[in-house]
Each structure stands twice: as C-alpha cells, then as structure tokens.
Trainee: 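I am attaching a structure below and will ask some questions about it afterwards.
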Amino acid sequence: MAKEVDTKGYVKMYRKAQEDEVFKNPYAWQLFTYCLFNATFDSRYGEVGTLITTKKDIANDLGIGRPALDKFMNFLKENKVIDYKTYRGGIGKTEIKILNYKKYQDSSM
C-alpha cells in the first residue's frame, strides 16, 4: 500500500458503478479501487486524484504479476478511467491519474 496514504478516511462508492464494465472485471475493479484508495485527496500533498508509485509495488500489493497489471492498467486506460505515465531512466515510477476523480469524490454530494 502506498506509504503516504491516510487510512483513517473514506472514499465514496456509488451503486451505479455496478453497471460499468470496470466493475464486471474483478481485477480491473480491484486495481481501480486500489488507485482510488491511494490517490492524493488533498492538494497540499500533490495533484488531487493522482498517485505516484511503481508497478512493482502495485503488483506486490495486489498479488498479481506484472503482465496482468499491465493488462488491467491498459483496460482502465482504454475505458477512460485512468491515465498513466511511466518514467524510465532509472526511477521506474508510474504516475496514475484517476480521470473524473473530483466527480467520484466530490464532498458536496
């Protein structure tokens, strides 16, 4: 799990999500909720709705292999749920942005 995450809070989950293609794929759903749980939620700590980690850490946390992780990250990207960029050149970090994060987590709803 991402080390900086405040585990005392909560995230919103809408019942309507059950109708989405992501929900129908248990591994994609697990990856999406992992991203949601670990994304920055306060602009004091970075861009809201993003998380910076490594694919190795995500795969270890979820108990899946790297090829499976890549497959489901691509699935989420194709379904316009996340966008991501992996930085090469020795750092190996991946920045994941949850598209529509504010819509999912808007505190005024």
Side-chain angles (χ1 to χ4, degrees):
M1 176 172 32
K3 312 305 183 260
E4 316 78 46
V5 174
D6 178 1
T7 58
K8 297 177 195 150
Y10 65 92
V11 296
K12 293 180 182 180
M13 299 295 254
Y14 293 92
R15 288 181 180 90
K16 187 176 181 179
Q18 295 178 85
E19 300 167 9
D20 196 280
E21 288 303 310
V22 174
F23 182 82
K24 296 173 185 172
N25 182 320
Y27 295 108
W29 181 251
Q30 181 187 30
L31 176 58
F32 170 67
T33 56
Y34 176 89
C35 292
L36 198 59
F37 293 156
N38 290 286
T40 300
F41 58 89
D42 188 325
S43 61
R44 293 179 293 177
Y45 305 109
E47 184 179 353
V48 172
T50 62
L51 105 109
I52 299 175
T53 186
T54 65
K55 288 184 177 183
K56 179 182 177 184
D57 286 345
I58 297 171
N60 287 340
D61 288 347
L62 298 181
I64 61 176
R66 282 290 302 281
L69 176 62
D70 289 337
K71 174 183 174 181
F72 296 117
M73 285 183 73
N74 286 329
F75 177 82
L76 292 179
K77 188 172 187 172
E78 289 168 4
N79 280 275
K80 297 177 176 53
V81 175
I82 66 169
D83 195 13
Y84 66 92
K85 180 182 345 180
T86 300
Y87 298 94
R88 306 279 182 219
I91 60 173
K93 295 284 186 177
T94 297
E95 179 180 12
I96 301 171
K97 179 174 177 70
I98 300 171
L99 305 177
N100 298 317
Y101 180 86
K102 290 181 182 178
K103 176 180 148 186
Y104 300 136
Q105 299 303 306
D106 184 5
S107 60
S108 67
M109 297 179 85

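Quick caveat, the model's predicted, so the values are computed rather than measured. The first residue in the sequence is number 1, and the count goes up from there.
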Trainee: Just to verify, what does Thr94 make a side-chain hydrogen bond (donor to acceptor under 3.5 Å, both in side chains) with, not counting sequence neighbours?
Mentor: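 With sequence neighbours excluded, Thr94 shows a side-chain hydrogen bond (donor to acceptor under 3.5 Å, both in side chains) to Thr86, given in chain and number order.
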
Trainee: Given side chains that start at C-beta, do those of Tyr101 and Phe41 come closer than 4.5 Å, heavy atoms only?
Mentor: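 When only atoms from C-beta onward are counted, Phe41 and Tyr101 do touch, with a gap below 4.5 Å.
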
Trainee: Using only atom types and a distance under 3.5 Å, with no angle test, would you say the side chain of Asn79 pairs donor to acceptor with the backbone of Val81?
Mentor: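 Checking the backbone N and O of Val81 against the side chain of Asn79, no donor-acceptor pair under 3.5 Å is found.
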
Trainee: Which heavy atom of Ile98 sits nearest a heavy atom of Ala39, and at what distance?
Mentor: CD1-CB, 3.8 Å

Trainee: Taking atom CG of Asp61 and atom CD of Gln30, what is their separation to the nearest 0.5 Å?
Mentor: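 Atom-to-atom, Asp61:CG and Gln30:CD are 10.0 Å apart.
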
Trainee: Is there a path from Leu76 to Tyr34 through hydrophobic residues (I, L, V, M, F, W, Y) whose side chains come within less than 4.5 Å of each other?
Mentor: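 Yes, same cluster.
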
Trainee: Could you list all the salt bridge (Lys or Arg N to Asp or Glu O under 4.0 Å) pairs where at least one residue sits in residues 72-82, not counting sequence neighbours?
Mentor: Lys77-Asp83

Trainee: Mind running side chain to side chain contact (heavy atoms under 4.5 Å, CB included) on Thr40 and Glu47 for me, showing each step along the way?
Mentor: CA-CA 7 Å; Thr40 300; Glu47 184 179 353; over 6 Å; no

Trainee: Rounded to the nearest 0.5 Å, how far does CD1 of Ile96 lie from CD1 of Ile58?
Mentor: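 That separation rounds to 3.5 Å.
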
Trainee: Can you tell me how far NZ of Lys71 sits from CG of Asn25, rounded to the nearest 0.5 angstrom?
Mentor: 7.5 Å

Trainee: Below 4.5 Å, heavy atoms only, C-beta onward: do Asn38 and Thr53 meet side chain to side chain?
Mentor: no

Trainee: Using side-chain heavy atoms (C-beta onward) and a distance below 4.5 Å, is Asn74 in contact with Tyr84?
Mentor: yes

Trainee: Using the rule that two of Ile, Leu, Val, Met, Phe, Trp, Tyr join whenever any of their side-chain heavy atoms come within less than 4.5 Å, decide whether Phe23 and Leu62 are in one cluster.
Mentor: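 Same hydrophobic cluster.
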
Trainee: How close do Lys55 and Met73 get, counting heavy atoms only, and between which atoms?
Mentor: CE-SD, 4.0 Å

Trainee: With a 4.5 Å cut-off on side-chain heavy-atom distances among I, L, V, M, F, W and Y, is there a chain of contacts connecting Phe32 to Ile64?
Mentor: yes

Trainee: So which heavy atom on Cys35 is nearest to which on Leu51, and how close?
Mentor: CA-CD2, 3.7 Å

Trainee: Going by heavy atoms in the side chains, are Phe75 and Val22 under 4.5 Å from each other?
Mentor: yes

Trainee: Measure the spacing between CD1 of Ile52 and NZ of Lys97 and express it to the nearest 0.5 Å.
Mentor: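 Answer rounded to 0.5 Å: 11.5 Å.
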
Trainee: Output the distance between atom CD1 (Ile82) and atom CD (Glu95), rounded to the nearest 0.5 Å.
Mentor: 11.5 Å

